[in-house]
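Report on one structure; see the data block that follows.
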Amino acid sequence: MILDTLTSPVILFFILGFFAACIRSDLAIPEAFAKAMSIYLMAAIGLKGGVEVASTGFSVDLAAAAVSGVLLGFTLPILAFILLRSFAKLGAIDAGAVAAHYGSVSVVTFVTAIELLTATGLRPDGFMVGVMALMEIPAIITGLLLARAYSKRLKESEEADTEGGSNLMHEVLTNGSVILLLGAFIIGFIAGAEGFAPIEPLFSVGFKGVLCLFLLDMGLIAARRLLETRKITISLATLAIVLPIINGTIGTVVGTLIGLDPGSAAILGVLCASASYIAVPAAMRLALPQADPGIYLAMSLGITFPFNILFGISLFAAIAKFLG
Amino acid sequence: MILDTLTSPVILFFILGFFAACIRSDLAIPEAFAKAMSIYLMAAIGLKGGVEVASTGFSVDLAAAAVSGVLLGFTLPILAFILLRSFAKLGAIDAGAVAAHYGSVSVVTFVTAIELLTATGLRPDGFMVGVMALMEIPAIITGLLLARAYSKRLKESEEADTEGGSNLMHEVLTNGSVILLLGAFIIGFIAGAEGFAPIEPLFSVGFKGVLCLFLLDMGLIAARRLLETRKITISLATLAIVLPIINGTIGTVVGTLIGLDPGSAAILGVLCASASYIAVPAAMRLALPQADPGIYLAMSLGITFPFNILFGISLFAAIAKFLG
Amino acid sequence: MILDTLTSPVILFFILGFFAACIRSDLAIPEAFAKAMSIYLMAAIGLKGGVEVASTGFSVDLAAAAVSGVLLGFTLPILAFILLRSFAKLGAIDAGAVAAHYGSVSVVTFVTAIELLTATGLRPDGFMVGVMALMEIPAIITGLLLARAYSKRLKESEEADTEGGSNLMHEVLTNGSVILLLGAFIIGFIAGAEGFAPIEPLFSVGFKGVLCLFLLDMGLIAARRLLETRKITISLATLAIVLPIINGTIGTVVGTLIGLDPGSAAILGVLCASASYIAVPAAMRLALPQADPGIYLAMSLGITFPFNILFGISLFAAIAKFLG
Amino acid sequence: MVATVKRKRIEILVDNPLVPKIVNYVKKVDISGWSVIKIASGGGRDGRWQQDEVSGAAAKSIVLLIANEEKAQRLTDALAPLLDSHSLLLTIANVEVVRGDRF
Amino acid sequence: MVATVKRKRIEILVDNPLVPKIVNYVKKVDISGWSVIKIASGGGRDGRWQQDEVSGAAAKSIVLLIANEEKAQRLTDALAPLLDSHSLLLTIANVEVVRGDRF
Amino acid sequence: MVATVKRKRIEILVDNPLVPKIVNYVKKVDISGWSVIKIASGGGRDGRWQQDEVSGAAAKSIVLLIANEEKAQRLTDALAPLLDSHSLLLTIANVEVVRGDRF
Ligand SMILES: Nc1ncnc2c1ncn2[C@@H]1O[C@H](COP(=O)(O)O)[C@@H](O)[C@H]1O
Ligand SMILES: Nc1ncnc2c1ncn2[C@@H]1O[C@H](COP(=O)(O)O)[C@@H](O)[C@H]1O
Ligand SMILES: Nc1ncnc2c1ncn2[C@@H]1O[C@H](COP(=O)(O)O)[C@@H](O)[C@H]1O
Ligand code: NA
Ligand code: NA
Ligand code: NA
């Protein structure tokens, strides 16, 4: 599957973007266009997931996947936190922030994985979209609790800044991408296959092509992030590859154990392996402004994202197939 | 039809946007993307209308609808002006500005109505696009004349600012959306079904899906406008619902009387009921800068637009069916 | 063919934009949307070209066209330079800058020509996309060499500004549009027809419609450029029409001589006739900041682009047919 | 050391539809040029707002001008009557302009 | 000649996600309004960056405020503790505001 | 009351393709950072223009810098030869920077 992956246009566009940034080309995707594509992709996968659940109904699998996803979201950051502090010698604040990223999920990695898995016959269940939306938030809570528990500096400054807590919870729960994913999921569920039909053309015709152009932009962003950073040590770079492998393997194994089909188990692995670069960075700027964005963005966008796209997805698919 | 309406994805996306803004989510559609979608929608309906007229030819109905539309555009603001001054106690300047909005039309309400009516078997005539374009402007003139006739303050300052008049007329007649709608209409007419065929895929495949995403944005904008406003009194809010009901009923009745089919009569009603939030606000900032945008935008975008989308369209469809 | 051209929706949208700008309408395409469309168009033609070459394989025609294109790119600016200096009395710096524009190519003119030629049965070869990408750069080098050779002022200031040269070469070779065109071409080549199939819908369904909206914007830009300029003399305006005729004729003749089919020969003519307005202006701002952008943008965007779209393409098609 | 001249830096915060009107005044008092910067969002007595191009009428821009004192004075005098009716916000600051004799 | 008043022009360079937090402080010290300008790109000790809305967390804006001296002082005092932890850049300049008594 | 330091606020209006060149000079004189703001439209002796990314070569940005007097001076000296050939507009104003010792 690795070879299929590396010659799929979706991935080739990612590589093109990465390459263009490395040779310092001025190629750029306007930010409004990138945002538009991400809104389109989220609406499309939300809708499709909802329509699928409307036709299959709620199932035990769905419940098991949702519960596992949320629990993994809460617990995976703990392991990450320990490794970040011991192996990479990060302070508690930075370690908490990075851990939150690795416990949460990347929508684009998810979408790319769906495409690649479907193309190789491992089509995941539609409800995994809902699971993904649920997994965006828990890790933020664990990450913050860890940072607060282990940082003296933070405890003091917290007492001054009282309004922070409620604001953050609100910000995280009403996060645009969560609302859009869940909202589109519910709309798809209410509309069903029949109601979806008239609007389907836009969301199916364009999907893979838009994903190509979006990954072109992600390649540019990932490489630029990596080139510009001055904060990445060798141990951080190592963790940015080891963490997705560990988390992804755990996710795939859990998915298999709770009885998901191989495609869905692989996707659960991909969700665990992926690191957030939208919802969590914004939440961290707000809740842990002292944490260094240079570290968490370079790790999640610059290393983990490319690793998952190029190798991780194939790896977890192989594990899921082997176990399933 | 109300129930059909409320479970159509197009409307559900509007509700999603409205809901997201109400819980103060940071969900946002980039402005360039929103503008792109509105250009796409206007080009698409203009083209389709023109192609349709090219195949049916000009008819008495078309002429009757165009003349009625323009006359209604000129006269409806008078009634609105009287109600705004007497019932809501607005000053002449603000009343003139608001009246202009209610006499003009909302393109998105029109497009949504076309979709909903077509889905329920009441397909309106293609030439109604042209009628809409013609109805954007007259109310601006009436609104300004009313404001000038009844405001002393304005009469004095007018004398100082001499260049205003010609500038405004030019601005209004060359308004981007009018030019685009009429231009696309003419292009569709010249190209005909055959010339339109090669470019049709873009304009038909995407149409309903784009409308969904656009209404998502409109929901966000409408709700934010409503939440942020500090200028809306109970009587203004009442008028923002009563005016579309009155105007829409008049429009539907006139449409039926001049012999339009029920779908087209309902659309004429919708046009009369809808309030502008693009062409007219811009014209008013220029021609009546003293009028308070907080009032007219909150009424037209925050109340009348959602009312028409959710209930008005169904109401005028019912009236047209009943009469037709 | 001229009449077909002038009633094709693609061209009608260009005329609409031109007209709207002439009557000083405020119609505007958001810049991010325009950029998005240009990225889409370049990715689409790159991919299609690559897929086509993957199925036909490399050929002698391809090599001949590529070599001729590059040679024409290097030499055509010399003629332009002579005419600009003698006939239009431009200084060496401005003449060098303008000559570089006319030796390079316009992607949109190319795409429009492909559409119009294919519609009239003169379908050009897929590899011409690659030829176009190669033709973007050589003229920049010739133009700069000419400016340096003939301008005393430049020679002096060059000595001060040492870093310029290598920077420029890098900027030109890594230019976003070159990278995107060649990259998409290579991706199409690697993916082949089969790999392209899943992403094809986006790139074929939308293509002609997007081209319409893009030309609408080009019409606006071209006309605004022409209306705002204060730098165009009658002799410059004349050259902006004479140069494309000369260059286009040379290109078409060369294309025929090296054995290209009429469609491809006509496209080579169009490439020679077209003047750059993306890559070259940016390079000139950097390398020849003393040259006046008011001159080269008004000539290439304001006059040559509309001329080629409306008449040039048909002209070179006629010549190619006559010769072929 | 390069020479500088003292000039005025004028910022006019204005609703987008009114920008061309302001520019007309700028030309009348013969200021050599102007630059427009978009405001992304803001808030005031009328509540907060965000740029949205769907109804761009409420969005705002800053018109930025560099001019000598005398032209700055003439411009503010000319705009004074509009300040309230058009709710403009006009500020003037001192700047040094490098080799700026043409402003 | 139209009357002007002396006011402070405050610019706060801040990461986008923190803009609402700054605005809360602005409201607390009762400044009449604010305007937000987007930064397209920049660079500092952390390397260079470009706006990209995909991960907008690293993008920056300027919050622009016109206020009288006393309110400016109260705002800077209130924000001082955040300057380092939130890496804000806060500058204050003198401006003349035309008919600006309401600021 | 929080401490402030006096610094220079430098604005350089420049064509977009030349921004990286300016940034190179900024780095050479060791200024700690820079921020770029896009200009949406404008006009001058060459007529008016609007941002259009299709041919972005004519669009402009402002490079905004906070620096101490000495670095400001070195930068303007370094840029002086480019002012005319690259038609830059360079202004310098005084600002107070709160806790700004690092600039
Ligand atoms: N006095 C001025 N104040 C502000 N911006 C200016 C001024 N003069 C010129 N500009 C800007 O600089 C650009 C080029 O001006 P010019 O070199 O005069 O054509 C204009 O398009 C404006 O954006
Ligand atoms: N003190 C201020 N500083 C900066 N911008 C302001 C200020 N007051 C108002 N504004 C801007 O002007 C707009 C209109 O203000 P207002 O007229 O008070 O509603 C606001 O939305 C802000 O963008
Ligand atoms: N001296 C400066 N002048 C203007 N902007 C600056 C300056 N220093 C930093 N910045 C801006 O602040 C951001 C963060 O700077 P830093 O905290 O030094 O990484 C940079 O990316 C710039 O956008
Ligand atoms: Na994860
Ligand atoms: Na109406
Ligand atoms: Na050429």
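First the proteins, then the strands, lettered A, B, ... as listed; each starts at 1.
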Before giving the answer on side chain to side chain contact (heavy atoms under 4.5 Å, CB included), spell out for D:Ile37 and E:Ile37 the whole-Å C-alpha distance, their side-chain angles and the decisive distance to 0.1 Å. CA-CA 8 Å; D:Ile37 300 174; E:Ile37 300 174; 4.0 Å; yes
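When each of D:Leu89, D:Ile92, D:Leu90 is checked for a side chain to side chain contact (heavy atoms under 4.5 Å, CB included) with E:Val97, only D:Leu89 meets the rule.
Between chain E and the residues D:Leu88, D:Leu13, D:Ile39, D:Asp84, the most heavy-atom pairs under 4.5 angstrom are made by D:Ile39. Top candidate by heavy-atom pairs under 4.5 Å with chain E, chosen from D:Thr91, D:Leu83, D:Leu79, is D:Thr91.
Salt bridge status for E:Arg9 with D:Glu11: present, with a side-chain N to carboxylate O gap under 4.0 Å.
Taking CD from E:Glu96 and OG1 from D:Thr76, the interatomic distance works out to 10.5 Å, rounded to the nearest 0.5 Å. Atom CZ of D:Arg45 and atom OG of E:Ser32 lie 7.0 Å apart (nearest 0.5 Å).
When all heavy atoms of D:Ala93 and E:Val95 are compared, the pair lying nearest together is CB-CG1, 3.7 Å.
Residues forming a side-chain contact (heavy atoms from CB on, under 4.5 Å) with D:Ser87 (at least two apart in sequence, or on another chain): B:Arg285.
Using a 4.5 Å cut-off between heavy atoms, E:Val26 does not touch chain D at all. Proximity to chain E is limited to the side chain of D:Ile62, based on heavy atoms less than 4.5 angstrom apart. Neither the backbone nor the side chain of D:Ile10 has a heavy atom closer than 4.5 Å to any heavy atom of chain E.
Inspection of non-hydrogen atoms places D:Gln73 of residues 65-75 of chain D under 4.5 Å from chain E.
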